[in-house]
There are 2 protein chains.
Amino acid sequence: MNNPIEALNKIFDSRIRLGVMSILIVNDSVSFNELKQLLELTDGNLASHLNTLEQAEYLKVQKAFIGKKTNTTYIITDLGKLSFKAHLDALEKMIKGI
Amino acid sequence: MNNPIEALNKIFDSRIRLGVMSILIVNDSVSFNELKQLLELTDGNLASHLNTLEQAEYLKVQKAFIGKKTNTTYIITDLGKLSFKAHLDALEKMIKGI
DNA sequence: TAAAAGCACTTTGTTTTTCAAAGTTAGTTA
DNA sequence: TAACTAACTTTGAAAAACAAAGTGCTTTTA
């Protein structure tokens, strides 16, 4: 048997980032405020986790205008999708003992 | 929709503790050394994660003798099994967006 | 039109967690 | 008896998480 945890992605150790990804993988685009309310986080905390995911290029930020009002939304990238799925696969394999 | 991450267990944020639990859930009893080799950890690091799991009463320690030699093995508790399964369920629900 | 409020952050600083390395105790093999 | 293994504990450093406060901009409200 080889090390079952090495295929797990360190970035997804955090349940907040796991939560963000699981929201973004089923929603095309989610705003900062929606995430904040869904996950019940402070601005700073959410912003820093989003930043970690953005640095990893797992999501991208889209700044748009709704009328004159700015609106920031977050979108998962292809790399984000792949990495998240790979992590879930690794988790499943580990649990099933494959 | 309610907060998808609140049902996740903080203790299982750590992939090391996740790894330990996934080993213990399929093996009746695993020794310190086996865990150390499987997970490729230093003694101190493994011991501290095992301690966290023991504090939570997710596993118990069994000190036995093999001949005159002591042998320490770790066994998952019923609470450990329940908590681990509950965490996996919560994860699954979160991912599936239930 | 001045004040209050919302958005999306950044900054600051504390607390918590993680981890490696070294030390410890006790038995074991060469 | 010296080196070795097992199973830790202790120490200390580094990283991560987090809340709170501050910022700049816009919009709504009194």
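Below, chain A is the first sequence line, B the second, and so on; all start at residue 1. Every value quoted in this text rests on a predicted model; they were computed, and no experiment measured them.
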*Asks:* Nearest-Å distance, NZ (A:K36) to C1' (C:dC9)?
*Replies:* 10 Å
*Asks:* Under 4.0 angstrom, heavy atoms only, what part of the nucleic acid is B:I16 near: base, sugar-phosphate, or nothing?
*Replies:* sugar-phosphate
*Asks:* Rounded to whole angstroms, how far apart are CD on B:Q62 and C1' on D:dC8?
*Replies:* 18 Å
*Asks:* In whole Å, what is the span from the CG atom of A:L59 to the P atom of C:dA8?
*Replies:* 14 Å
*Asks:* Give a yes or no answer on whether the side chain of A:T72 reaches the backbone of A:F32 with a donor-acceptor pair at less than 3.5 Å.
*Replies:* no
*Asks:* Find the distance A:L8:CG to C:dT18:C1' and express it as a whole number of Å.
*Replies:* 16 Å
*Asks:* Identify, residue by residue, the members of residues 46-55 of chain A with a heavy atom below 4.0 Å from DNA chain C, and return them in order of residue number, or none.
*Replies:* A:A47
*Asks:* Let me see the working for B:Y58 and B:I76 under side-chain contact (heavy atoms from CB on, under 4.5 Å), right down to the final yes or no.
*Replies:* CA-CA 6 Å; B:Y58 290 174; B:I76 196 168; 5.7 Å; no
*Asks:* Figure out the OH/P separation between A:Y74 and C:dC7, and round it to whole Å.
*Replies:* 13 Å
*Asks:* The side chain of A:T72 is closest to which nucleotide in this list: C:dA20, D:dC18, C:dA8?
*Replies:* C:dA8
*Asks:* Between P on C:dC7 and CG on A:N71, what's the gap in Å once rounded to a whole number?
*Replies:* 10 Å
*Asks:* So which atom in A:P4 and which in B:L38 form the shortest heavy-atom distance, rounded to 0.1 Å?
*Replies:* CD-O, 3.7 Å
*Asks:* Under 4.0 Å, heavy atoms only, any strand: does A:S31 hit a base, just the sugar-phosphate, or nothing?
*Replies:* nothing
*Asks:* Of the nucleotides D:dC8, C:dC9, D:dC18, which has the atom closest to the B:K63 side chain?
*Replies:* D:dC8
*Asks:* Suppose we screen for salt bridge (charged side-chain N to carboxylate O under 4.0 Å, His left out). Which residues come up paired with B:K10, at least two apart in sequence or across chains?
*Replies:* none
*Asks:* Go nucleotide by nucleotide along DNA chain D from the 5' end; which of A:D13 and B:G44 gets its closest nucleotide reached first?
*Replies:* B:G44
*Asks:* Which residue, A:K10 or A:Q37, contacts DNA chain C at a nucleotide closer to its 5' end, judged by nearest heavy atom?
*Replies:* A:Q37
*Asks:* Starting at CD of B:E34 and ending at P of D:dA6, how long is that distance when rounded to a whole Å?
*Replies:* 11 Å
*Asks:* Checking contacts here: which listed nucleotide (C:dA8, C:dC9, C:dT18) is nearest the side-chain heavy atoms of B:R17?
*Replies:* C:dT18
*Asks:* Can you tell me if A:T42 touches the phosphate of D:dA19, counting only side-chain N or O atoms and a distance under 4.0 Å to OP1 or OP2?
*Replies:* yes
*Asks:* Could you state the CG-C1' distance from B:L41 to D:dA7, rounded to the nearest angstrom?
*Replies:* 14 Å
*Asks:* Pairs in or reaching into residues 70-98 of chain B: which pass ring-ring contact (aromatic ring centres under 6.0 Å, His included), with residues at least two apart or in two chains?
*Replies:* B:F12-B:F84, B:F12-B:H87
*Asks:* Does a side-chain N or O of B:R15 approach OP1 or OP2 of C:dT18 to a distance below 4.0 Å, or not?
*Replies:* no
*Asks:* When you measure from the side chain of A:S48 to the backbone of A:N45, do you find a donor-acceptor pair of N or O atoms at a distance under 3.5 Å?
*Replies:* yes
*Asks:* Taking atom CD as the centre, does A:Q62 end up with more than 12 heavy-atom neighbours from other residues, nucleotides or ligands that are less than 6.0 angstrom away?
*Replies:* no
*Asks:* May I ask you to evaluate whether B:N45 reaches the phosphate of C:dT18, defined as a side-chain N or O under 4.0 Å from OP1 or OP2?
*Replies:* no
*Asks:* So, for A:S29 and A:T73, which heavy atoms are closest and what is the spacing to 0.1 Å?
*Replies:* OG-CB, 3.3 Å
*Asks:* Give a yes or no on whether a donor-acceptor pair under 3.5 Å exists between the nucleobase atoms of D:dC8, that is its base, and the side chain of B:D43.
*Replies:* yes
